[in-house]
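First up is the structure itself, then whatever we jot down about it.
Reminder, nothing fancy here: chain letters follow the sequence lines and each chain counts from 1. In this text the structure is predicted, and so the values were computed from the model without any measurement.
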There are 2 protein chains.
Amino acid sequence: MKVTKRNKLKNNGWVVGSTSDFLGLSDEEEMLINIKLTLASELKSRRQQVKITQSELAKRLGSSQSRVAKMESADSSVSLELLVRSLACFGASQAEIGKMIIGKKSVKKKQQSTMAK
Amino acid sequence: MKVTKRNKLKNNGWVVGSTSDFLGLSDEEEMLINIKLTLASELKSRRQQVKITQSELAKRLGSSQSRVAKMESADSSVSLELLVRSLACFGASQAEIGKMIIGKKSVKKKQQSTMAK
DNA sequence: CAGGGGTATGTCAGTATTGACATACCCCTG
DNA sequence: CAGGGGTATGTCAATACTGACATACCCCTG
């Protein structure tokens, strides 16, 4: 599994659509990152909406403040799985998660990769 | 992280909406499993559509036949991440992935958990 | 300037996930 | 029955992810 490039990405304040392009990320990786960024910012805004601190959220998740911070910044050490689980903890339904991933403003056309039908 | 229960689930031929209920899975875990089942079956059907074997797909993914089998059966040892990555490899766009997760027929109403707004 | 609440970053030991491999289990067709 | 192509299941060493902890970095307000 290639993590090398992802580790390079010190992506913090991101605008959710303009990821990479200039780094040589494959389409798949790029999409994955995009998804993570989307969920991450959704998580952050949901937490802020409820006005709780990262530490409080951490407690409810059975995690730690530092990990919450990493989640919210879509740190390369957090898995999609954890993000989804956390959103679920805020009451996000499966359908809502799906919608988040789709995203309001579609951001980039993708032509598919090596094997599309 | 609790994996114990998930390991119990020898879920193979699943109808994507009727998961668990009778096992004491938390809502979050249940949703996660549902998502995985959905993506897994999508992956399988896409592979079949293109008429390639698990081994061929494995090669393209840089993985192995056994892992592909596990993915397609939503084995508890495969991550959401891997499923998404694999679907991406078939040319699935971010939006398509989102739609898959939403699912055609909504299956279950969820009332949210401890902290929803 | 000092302290404090909130957030970010780094590290680490424990756990989970991964690809590879072996092997078993189907069908088939001969 | 024998082989073979495809799929499933189990195991394992390597790698990735996780929570916890320490610590730094903001703001503030006093």
Side-chain angles (χ1 to χ4, degrees), chain A residues 1-14 28-29 32-33 35-37 39-41 43-86 88-89, chain B residues 1-14 28-29 32-33 35-37 39-41 43-86 88-89:
Chain A
M1 215 96 292
K2 297 253 215 33
V3 218
T4 28
K5 278 180 226 134
R6 266 156 72 203
N7 289 337
K8 229 66 192 277
L9 264 183
K10 270 345 222 155
N11 46 0
N12 259 13
W14 245 190
E28 294 87 14
E29 290 178 294
L32 211 38
I33 294 186
I35 293 180
K36 286 190 183 181
L37 286 168
L39 299 185
S41 80
L43 182 62
K44 181 169 198 165
S45 74
R46 289 202 177 210
R47 178 180 62 80
Q48 292 172 330
Q49 214 142 60
V50 187
K51 292 204 220 308
I52 62 177
T53 69
Q54 294 182 338
S55 308
E56 296 178 295
L57 175 51
K59 193 159 309 177
R60 309 206 205 196
L61 288 171
S63 181
S64 60
Q65 181 268 325
S66 59
R67 189 133 303 275
V68 172
K70 284 168 211 210
M71 286 189 225
E72 292 188 348
S73 67
D75 186 279
S76 61
S77 82
V78 327
S79 71
L80 198 48
E81 197 125 355
L82 187 58
L83 284 168
V84 170
R85 218 188 281 277
S86 304
C89 210
Chain B
M1 216 95 292
K2 298 253 215 33
V3 216
T4 28
K5 278 178 226 136
R6 266 155 74 202
N7 288 336
K8 230 61 192 279
L9 264 184
K10 272 341 226 165
N11 47 359
N12 260 13
W14 245 189
E28 293 89 14
E29 290 177 295
L32 212 38
I33 295 186
I35 292 180
K36 286 191 184 182
L37 287 168
L39 299 185
S41 82
L43 182 63
K44 181 168 199 166
S45 75
R46 288 201 179 211
R47 177 180 61 81
Q48 292 173 329
Q49 213 141 61
V50 186
K51 291 205 220 307
I52 61 177
T53 69
Q54 294 182 338
S55 308
E56 296 178 294
L57 174 51
K59 191 159 311 176
R60 308 207 206 197
L61 288 171
S63 181
S64 61
Q65 180 269 324
S66 59
R67 188 135 301 274
V68 172
K70 284 167 214 219
M71 286 188 225
E72 292 188 349
S73 67
D75 185 280
S76 62
S77 83
V78 327
S79 71
L80 197 48
E81 196 125 356
L82 186 59
L83 284 168
V84 170
R85 217 189 282 277
S86 304
C89 209

From [options], nucleotide with atom closest to [X] side chain:
X: A:Leu82; options: C:dT7, D:dT7, D:dT18; result: D:dT18
X: A:Lys44; options: D:dA8, C:dT18, C:dA8; result: C:dA8
X: A:Arg47; options: D:dT9, C:dG19, C:dT7; result: C:dT7
X: B:Ser79; options: C:dA8, C:dT17, D:dA8; result: C:dT17

So, [X] side chain and [Y] main chain: donor-acceptor pair closer than 3.5 Å or not?
X: A:Arg47; Y: A:Ile52; value: yes
X: B:Glu81; Y: A:Leu80; value: yes
X: A:Glu56; Y: A:Thr53; value: yes

Round to the nearest Å and state the distance from [X] atom [atom1] to [N] atom [atom2].
X: B:Met71; N: C:dG19; atom1: CE; atom2: P; value: 6 Å
X: A:Gln54; N: D:dG19; atom1: CD; atom2: P; value: 14 Å
X: A:Glu29; N: D:dA16; atom1: CD; atom2: P; value: 12 Å
X: A:Arg85; N: D:dT18; atom1: CZ; atom2: C1'; value: 11 Å
X: A:Glu81; N: C:dT15; atom1: CD; atom2: P; value: 18 Å
X: A:Leu80; N: D:dC17; atom1: CG; atom2: P; value: 11 Å
X: B:Lys51; N: D:dT7; atom1: NZ; atom2: P; value: 13 Å
X: A:Asp75; N: C:dA8; atom1: CG; atom2: C1'; value: 10 Å

### Task
Evaluate the side-chain proximity of B:Glu28 to B:Leu32: yes if any heavy-atom separation is below 4.5 Å, no if none is.
no
Paired with [N]: which nucleotide, if any, by Watson-Crick or G-U wobble criteria at under 3.5 Å for both distances?
N: C:dC21; answer: D:dG10
N: D:dA16; answer: C:dT15
N: D:dC27; answer: C:dG4

Within the sub-3.5 Å range, which N or O atoms of nucleotides 21-28 of chain C have a protein N or O partner, and how far apart are they?
unit_1, atom_1, unit_2, atom_2, d
C:dC21, N4, B:Ser66, OG, 2.5

### Task
Report yes if a side-chain nitrogen or oxygen of B:Ser77 is closer than 4.0 Å to either non-bridging phosphate oxygen (OP1 or OP2) of C:dT17; otherwise report no.
no
### Query
Which value, rounded to the nearest 0.5 Å, describes the distance between A:Asp75 atom CG and A:Leu82 atom CG?
11.0 Å
### Message
Please report the interatomic distance OG(B:Ser73) to NZ(B:Lys36), rounded to the nearest 0.5 Å.
### Response
11.5 Å
### Query
What residues form a side chain to side chain donor-acceptor pair (under 3.5 Å) with A:Ser63, not counting sequence neighbours?
none
